[in-house]
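Notes follow once the structure below has been shown.
The figures that follow rest on heavy atoms only: side chains count, while hydrogens, waters and symmetry mates do not. From a predicted model like this one, the values you see are computed outputs, not experimental measurements. Every chain is numbered from 1 and lettered A, B, ... according to where its sequence line falls, protein lines coming before strand lines.
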2 protein chains.
Amino acid sequence: MKIKKFIIKGKEIIMQSAREQFFQYLARKKLRFTSQRAIIFDVFWSVDGHVSPEELYRLTKEKDRSIGQATVYRTLKLLSDAGIAREVDFSDGVTRYEPYYGQKHHDHLICQECGKSVEVVDPRIEKLQEELAWQHGFTLSGHSMYLYGCCSQCSGKQA
Amino acid sequence: MKIKKFIIKGKEIIMQSAREQFFQYLARKKLRFTSQRAIIFDVFWSVDGHVSPEELYRLTKEKDRSIGQATVYRTLKLLSDAGIAREVDFSDGVTRYEPYYGQKHHDHLICQECGKSVEVVDPRIEKLQEELAWQHGFTLSGHSMYLYGCCSQCSGKQA
DNA sequence: TTATTATTGATTTTCAGTATCAAATTTTTT
DNA sequence: AAAAAATTTGATACTGAAAATCAATAATAA
Ligand SMILES: [Mn+2]
Ligand SMILES: [Mn+2]
Ligand SMILES: [Zn+2]
Ligand SMILES: [Zn+2]
C-alpha cells in the first residue's frame, strides 16, 4: 500500500517534469503551450502505454470534442521531438507512441498470438551493437530491435 | 577472374534453386507457376537488392507491359511465404523486399545521411536475443534489428 | 466436354498520414 | 490601445501504399 502510494507519487512527479520539459521545449522553439497541447499531453500521459495517434485522438475527444485530429498528430510529433514520446512499430500496421521521459531505453518483446508486449533491455546487446557499427566505420545514433515470439500463456493454450 | 566466374556461376545456381523452391512451394499449395510469376521472380532476382513493390512493378513492366501492379504485390507476398524473399523496413516510409534464399540471416546497418545499408550479423547478439526472450518465457520466432547511424564517408564530409 | 478452381489486371476502396488554408488566437510592435 | 506579425487551430482535401473486389481468363479435374 505504502509502496503503491509512493509509486503513484513518483509517477506524478515524473509527469510534472515531463510536462515541464514539454513546456521548456516549446519555449525554446518559440512555440506556445496551448490548451489543446496541454490536454493532449495529459491524455497521452494518462494512457501510459503504446498508443496510436487515432486511439489518442478518440480518447482526447472524450475530454474536448473540439480538438482536431491533425492537432493530435502534430502534438505527437512535437512530443517526439521534445524527447518525451517515442515512436514504436510492432509491425502490425499502426505506428504507436509511448511515453519516453524518465524511462530508460528499452526494446520490445512481442507475442504474435495475443499482442502482449514486454519491455526488455540487455546492456550486453547494446554494447555489441555499438561494437558492430564501429567495426563498419559507423557512428551509431540509434537502433530499433523487436523480438517476436510466443508468450508462455499462449504457448500453454496451444499445447 | 576465375573467382568472379565462380561467384557468378554460384549465383546462377542459387537462382535456379530459388526458382525451384518457389515452384515447389506453389505446387505444395496447389498454386500455379504462371508466366507472370516467373517474370516477376526473374526481375526480382536480377535486381538483387532492397526493392520496393512499386520499383519492382516499374521494372517488371519493362519486360512485360501487361503485368498488373496487384500481381506484383501478390507475388512478393508469395515469395515471402515461400521463404525466398523477406520484407525489410528502413523506416523511410517504404517497405522493401530482399532476396533471402540461400542467404544467411542478417540485420542492417543504415546510414541516415546517404541511405547506404550494410548487412551485418553478430552471433553473440543473436544468442543473447534468444536468452533474453527465454528469460521472459517467450519462444522466439524471429526478430528485426536495425542499427541507424552515420557511415565513415558521410562523417568525413561533414567534418 | 463440362465443371471446378485458380489467376489476372483494372478498378475501387481503405487507411494512415500529410498538406492546405482561412479563421482564430496570441504576441509584438507601434 | 490599435495595428501588425506570428503561431495555432480544425476542417477539408489530398497522397501513396496496400488490400479488396470483381468480371474475364486460363488451367486443371472430372
Ligand atoms: Mn515500450
Ligand atoms: Mn539485406
Ligand atoms: Zn501471448
Ligand atoms: Zn553515408
Of all the nucleotides listed ([options]), which has the minimum atom distance to the side chain of [X]?
{"X": "A:R37", "options": "C:dT18, D:dT9, C:dT7", "value": "D:dT9"}
{"X": "B:T95", "options": "D:dT8, C:dG17, D:dA18", "value": "D:dA18"}
{"X": "B:R74", "options": "D:dT9, D:dG10, C:dT8", "value": "C:dT8"}
{"X": "A:P53", "options": "C:dA16, D:dA20, C:dG17", "value": "C:dG17"}

Mind calculating the distance between [atom1] ([X]) and [atom2] ([N]) to the nearest angstrom?
{"X": "A:K29", "N": "D:dT8", "atom1": "NZ", "atom2": "P", "value": "12 Å"}
{"X": "B:Y57", "N": "C:dT8", "atom1": "OH", "atom2": "C1'", "value": "12 Å"}
{"X": "A:Q69", "N": "C:dT18", "atom1": "CD", "atom2": "P", "value": "10 Å"}
{"X": "B:L78", "N": "D:dA19", "atom1": "CG", "atom2": "P", "value": "12 Å"}

> Under 30°, 30 to 60°, or over 60°: which ring-plane class applies to B:H106 and B:H108, parallel, tilted or perpendicular?
Replying inline: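 Rings of B:H106 and B:H108: perpendicular, over 60°.
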
So, is [X] near the phosphate of [N], with a side-chain N or O under 4.0 Å from OP1 or OP2?
{"X": "B:Q36", "N": "C:dT7", "answer": "no"}
{"X": "A:T34", "N": "D:dT9", "answer": "yes"}
{"X": "A:K77", "N": "C:dG17", "answer": "no"}
{"X": "A:K30", "N": "C:dT27", "answer": "no"}
{"X": "B:T71", "N": "C:dG9", "answer": "yes"}

> Atom CD in A:Q36, atom CZ in A:F41: separation rounded to 0.5 Å?
Replying inline: 16.0 Å

> Any ion pair linking B:R19 and B:D42 (charged N to carboxylate O, less than 4.0 Å)?
Replying inline: yes

> Would you call A:K104-A:E119 a salt bridge at under 4.0 Å N-O?
Replying inline: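 No, A:K104 and A:E119 are not salt-bridged.
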
> Closer to the 5' end of DNA chain C via nearest nucleotide, is it A:G93 or B:S35?
Replying inline: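 Mapping each residue to its closest nucleotide by heavy atoms, the 5'-most match is B:S35.
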
> For A:R32 and B:V72, take the nucleotide of DNA chain C holding the closest heavy atom to each; which residue's nucleotide lies nearer the 5' end?
Replying inline: B:V72

>> Atom OH of residue position B:Y146 - does it have more than 12 heavy atoms of other residues, nucleotides or ligands inside 6.0 Å?
In response: yes

>> Once you apply a heavy-atom cut-off of 4.0 Å, does B:K61 come out as touching a base, just sugar-phosphate, or nothing?
In response: nothing

> With sugar-phosphate meaning primed atoms plus P, OP1 and OP2, does A:S66 contact a base, only sugar-phosphate, or nothing at under 4.0 Å between heavy atoms?
Replying inline: sugar-phosphate

> Taking N and O atoms by type only, does the side chain of A:R65 place a donor or acceptor under 3.5 Å from a partner on the base of D:dG10?
Replying inline: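 When only heavy-atom distances are counted, A:R65 does not reach the base of D:dG10 through any donor-acceptor pair under 3.5 Å.
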
